[in-house]
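Here the structure comes first, spelled out in structure tokens, and everything after it is commentary.
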Amino acid sequence: MVKIIYVEHNGARHEVNVPEGENLMEGAVQNNVPGIDGDCGGNAACATCHCYIPSEWQAVTGERSEQEDAMIELADTAKPNSRLACQIKASAAMEGMELHMPATQH
Amino acid sequence: MATQLQDTRITQSLPQGSVAWPLPPRTRPDLPNHDPATLEQYLRSAPLEEVDIADPLWWETDTNHVYFKRLRDEAPVFFTSQNSNRHRGFWNVTRWNDVMAVDTNHQVFSSEATLGGITLFDMDPDFIMPMFIAMDPPKHDVQRKAVNPIVSGQNLAGYESLIRERTQEVLDGLPRGEVFDWVDRVSIELTSRMLATLFGWPQERRRMLTYWSDISTSDPELPGNPGKEERQGILLGMLQEFTMLWNERVNAEPTGDLVSMLAHNPATRNMPPMEFMGNLVLLIVGGNDTTRNSISGGLYFLNKNPAEYDKLRANPALVENMVSEIIRYQTPLAHMRRTALQDTVLGGQLIHKGDKVVMWYVSANRDERVLDRPEEFIIDRPRARQHMSFGFGIHRCVGNRLAELQLKILWEEILKRFDKIEVVEEPERVPSAFVRGYKKMLVRIPA
Ligand code: HEM
Ligand code: FES
């Protein structure tokens, strides 16, 4: 299990234990973390799992794929550190990582 | 290897624009009558290639699902050649995973208007209305981003109380103990009020928006509908009216409505007239038929499934989940179409450059391979949000939150007022393979 802290736009924090290898959208949806819907089931095809990765964690979360990039580019709330949570798999190196959410997503 | 695949298209698909107008008559099965039972029986055993599923017959009778089930099982990516002198032939994509693969591959599967656009029947090449749903990147992205903020969650929060007020007015005006048409009195009424609000359009003329939406999706061939030229004239009339509105707003302070937003955004303020019209039609149609038919569909499904209606009354907190299930079950847009930009392989079939590829959302939403008990309407279905009705990828519906919000408010307000609304006879359906919906549905609210 990897401890991930999902932080809502209003600052509310949700500490969740995500099984290693599971993607971080699933981790949120299965634990009813509000603000991550995961409408496409993890295909980088809906952007309802959009989140921001603090700079100190970017080395372990990796780079956006091409399709992920195309989806993020369309969001009003896109930032250089935007990712789709479904495209990141929990690993031991992410223990204690914070993942921040935009105010809304669609 | 792609080169070893056989070409399974029975006729070569013709280049765009090569279908002459008026269209040649269509071949239909020779059946004693066209009641749903006869048609379903026919679809269960007819040779797959004999059926033209684009024929409105299968849609106004709601019998198409029998054919799609067979395609999903027997030929999940299948070329329709029946009546190809009318539609040039098209690929049917029927399984969830294949639809997802097409929808997320905009590099190969184009939405471009000049290649025919996003519906099974090509856009009229003499009357192309460029709109971002029928564009590829990069232009698509620029225009989509210009519209995005108005339907963002933050902006919608500001509209919520207004939507609720309008909904309350409409529901409070409904008769009791009397049969009336739900489509006209509720579904159309609510969506037209909402559109007028979004566009900053005069409320008293809101039904004009409904009218234009209906015209822009109407089939010029069907008796009673305006023909091709008349239709163009009506849409040009719409353009004139909106151009006046645009001219008023382009030089005024931003007012927060859609016309004002388009007029003030650098990405859209210099749009040529046809493009302005295209994007208007897109927003009017996008926000109109789809939501309207979900409003009608929801009530119909609850009547067909009384146990679900009981569940809802017992637990109104299910409304939000039910809204997603209604949208899945209705699938208000039965398909989106793409054009292949290169030869490619899909579901083991060789697709040629230039072929039409039709993603049947209505079938993907019933795919047993991905969904549990897909034929059933279950308001507390787990993960109900994971449906195909809004599409996926870069063209995924930009208005999805707005649609969900309208439906959620409607059902919350209905439950506060009425114990039951009864559908008194089978609804009349729209004869279209694109807009899946209802023309008329008679209901009664017990006195
Ligand atoms: C239940 C209601 C609705 C359904 C089922 C629906 C369905 C769809 C579908 C299937 C697409 C194309 C997705 C794709 O190609 O992958 C789409 C796109 C679109 N919809 Fe909706 N829609 C609904 C409501 C709305 C509303 C309320 C609006 C208006 C604000 C709207 C505006 C649009 C626009 C502008 C696009 C084009 C997006 C793009 O090309 O990037 N829709 N919708
Ligand atoms: S769940 Fe759809 S993009 Fe991540």
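Letters A, B, ... are given to chains in the order of the sequence lines, protein chains preceding strands, and every chain is numbered from 1.
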Open item on the list: Walk me through whether A:L74 and B:R396 qualify under side-chain contact (heavy atoms from CB on, under 4.5 Å).
Closed with: CA-CA 10 Å; A:L74 294 175; B:R396 179 174 165 80; over 6 Å; no
Got a second to check how far [X]'s [atom1] is from [Y]'s [atom2], nearest 0.5 Å?
| X | Y | atom1 | atom2 | answer |
| --- | --- | --- | --- | --- |
| A:D39 | B:N400 | CG | CG | 7.0 Å |
| A:C40 | B:M388 | SG | CE | 9.5 Å |
| A:D76 | B:K145 | CG | NZ | 9.0 Å |
| A:E73 | B:D141 | CD | CG | 8.0 Å |

- [ ] Search all heavy atoms of A:A70 against all heavy atoms of B:H106 and return the closest pair with its distance.
- [x] CB-CE1, 4.3 Å
Within the supplied structure, the quantity of interest is the number of heavy atoms (other residues, nucleotides, ligands) at a distance under 6.0 Å from [X] [atom1]; does it exceed 12?
| X | atom1 | answer |
| --- | --- | --- |
| A:E98 | CD | yes |
| A:K89 | NZ | no |
| A:E66 | CD | no |
| A:E63 | CD | no |

Given that the side chain runs from C-beta out, which part of [X] has a heavy atom under 4.5 Å from chain A: side chain, backbone, both or neither?
| X | result |
| --- | --- |
| B:V142 | neither |
| B:N148 | both |
| B:E404 | neither |
| B:V370 | neither |

TODO: With a 4.5 angstrom heavy-atom cut-off, could you sort out which part of A:A75 is near chain B: side chain, backbone, both or neither?
DONE: backbone
TODO: Sort A:T48 into side chain, backbone, both or neither according to what part of it lies under 4.5 angstrom from a heavy atom of chain B.
DONE: side chain
Open item on the list: What I want to find out is whether B:R401 reaches A:D37 closely enough, with some N-O distance under 4.0 Å, to be called a salt bridge.
Closed with: yes
Open item on the list: Using a 3.5 Å distance criterion without hydrogens, assess whether the side chain of B:Q386 forms a donor-acceptor pair with backbone atoms of A:G38.
Closed with: yes
